[in-house]
Amino acid sequence: YEIPKRDWSSDVCSSDLMAIAANSLWVANCKEGVLTRIDLATAKVVATVPTGIANAKEGEMIVAAGDGSVWIGSDATGEIARVDPATNSVVATVKVAPGSYFLAYGSDALWAVSQKGATIQKIDPKTNMVVATTPLGRAPGFLVAGEGAVWVQEQGDGTVAKIDPA
């Protein structure tokens with residue numbers, strides 16, 4: 001399997017800036033500030049969605065898929081774009097804490113970690129609103145949801161926080 005012939009190294013941000021949804025690979029393109037959709041069957045770019053990229057400078061952030069949408073931090077001041085794969089367009093913008101670059105979907109919610117604010121935010125996909133905020137330790141970042149919890153790596157002290165999703 002091969003993605004389209006192109007030098008993506010200067011375009012694609014670092015970290016986990018890819019997600020699978022709607023038979024496509026969704027890749028954050030830091031250089032152009034867009035979310036690129038690549039068809040899994042043909043390996044061809046089928047859409048580019050102008051979302052903005054919240055952390056294009058450092059490139060450390062995450063694209064997440066869940067609840068029939070693709071989610072990406074779109075503005076460093078605190079916005080997450082919700083993209084509908086059916087229309088390849090931003091259908092909602094969620095206001096979050098500044099620096100919310102790290103995302104995961106699980107337990108029927110989108111989770112966003114703000115490293116700057118040292119918090120995790122639970123976002124209800126039915127309302128596109130933050131419904132809970134929990135403080136974290138030093139330099140939180142990467143996260144995963146599963147096995148009845150949300151797990152957050154706290155890079156500042158080498159620990160992992162377990163968050164109850166309820």
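Keep in mind the model is a prediction, meaning the values are calculated, not measured.
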Given the rule that I, L, V, M, F, W and Y join up when any side-chain heavy atoms are under 4.5 Å apart, are V150 and V96 in one cluster?
no
Nearest atoms (heavy-atom pairs only) where P98 meets K116:
O-CB, 4.1 Å
Can Q155 and Q115 be said to form a side chain to side chain contact (heavy atoms under 4.5 Å, CB included), step by step?
CA-CA 10 Å; Q155 301 169 100; Q115 192 171 64; 3.1 Å; yes
Treating W26 as the side-chain partner and V63 as the backbone partner, does any N or O pair qualify as donor plus acceptor under 3.5 Å?
no
Stepwise, does the side chain to side chain contact (heavy atoms under 4.5 Å, CB included) test hold for I80 with D75?
CA-CA 7 Å; I80 294 172; D75 189 309; over 6 Å; no
Expected output: side-chain E154 to main-chain G137 donor-acceptor under 3.5 Å
yes
Do the rings of F102 and F142 sit parallel, tilted or perpendicular, given the 30° and 60° boundaries?
perpendicular
Quick one: which residue pairs count as a salt bridge (Lys or Arg N to Asp or Glu O under 4.0 Å) with a foot in residues 97-111, not counting sequence neighbours?
none
Checking W111 against L143 for the side chain to side chain contact (heavy atoms under 4.5 Å, CB included) test, could you report, in this order, the C-alpha distance in whole Å, the side-chain angles of both residues, the deciding distance, and whether it holds?
CA-CA 8 Å; W111 300 88; L143 70 160; 3.7 Å; yes
Could you tabulate the donor-acceptor pairs under 3.5 Å formed by side-chain atoms of residues 117-126, not counting sequence neighbours?
{"unit_1": "Q121", "atom_1": "OE1", "unit_2": "A97", "atom_2": "N", "d": "2.7"}
{"unit_1": "Q121", "atom_1": "NE2", "unit_2": "S100", "atom_2": "OG", "d": "2.9"}
{"unit_1": "Q121", "atom_1": "NE2", "unit_2": "A112", "atom_2": "O", "d": "3.2"}
{"unit_1": "K122", "atom_1": "NZ", "unit_2": "P165", "atom_2": "O", "d": "2.6"}
{"unit_1": "D124", "atom_1": "OD1", "unit_2": "K126", "atom_2": "N", "d": "2.7"}

Restricting to side-chain contact (heavy atoms from CB on, under 4.5 Å), what partner residues turn up for T51, sequence neighbours left out?
L35, V49, I53, I72, A81, V83, V90
For a 4.5 angstrom cut-off between non-hydrogen side-chain atoms, does P140 reach V113?
yes
Set out, in order, the CA-CA distance, both residues' side-chain angles and the distance that settles side chain to side chain contact (heavy atoms under 4.5 Å, CB included) for W71 and Y105, then state yes or no.
CA-CA 9 Å; W71 308 79; Y105 194 91; 4.2 Å; yes
Taking all atoms of both residues into account, what is the closest heavy-atom pair of L110 and A64, and its distance?
CD1-CB, 4.1 Å
Do V70 and V46 share a hydrophobic cluster, counting only Ile, Leu, Val, Met, Phe, Trp and Tyr and linking them when any side-chain heavy atoms are less than 4.5 Å apart?
no
For the OG1 atom of T42 and the CG atom of N23, what is their distance to the nearest 0.5 Å?
11.0 Å
To the nearest 0.5 Å, how far apart are OG in S107 and CG in D164?
8.5 Å
Check the side chains of D157 and T159 for a donor-acceptor pair under 3.5 angstrom, ignoring hydrogens and angles.
yes
Going by side-chain hydrogen bond (donor to acceptor under 3.5 Å, both in side chains), name the pairs with one or both residues in residues 127-144, residues two or more places apart or in two chains.
R82-N128
For residues M18 and I20: do they belong to one hydrophobic cluster (side chain heavy atoms under 4.5 Å, members Ile, Leu, Val, Met, Phe, Trp, Tyr)?
yes
Does some side-chain heavy atom of T48 sit less than 4.5 Å from a side-chain heavy atom of P50?
no
List, by chain and number, the other hydrophobic cluster members for W151, where Ile, Leu, Val, Met, Phe, Trp and Tyr join if side-chain heavy atoms come within less than 4.5 Å, directly or indirectly.
V144, V160
Report the residues that fulfil side-chain hydrogen bond (donor to acceptor under 3.5 Å, both in side chains) with T93, sequence neighbours left out, ordered by chain and then residue number.
none
Interatomic distance, R37 atom CZ to K44 atom NZ [nearest 0.5 angstrom]:
15.5 Å
Please determine whether residues I62 and L136 belong to a single hydrophobic cluster, defined as Ile, Leu, Val, Met, Phe, Trp and Tyr linked transitively by side-chain heavy-atom distances below 4.5 Å.
yes
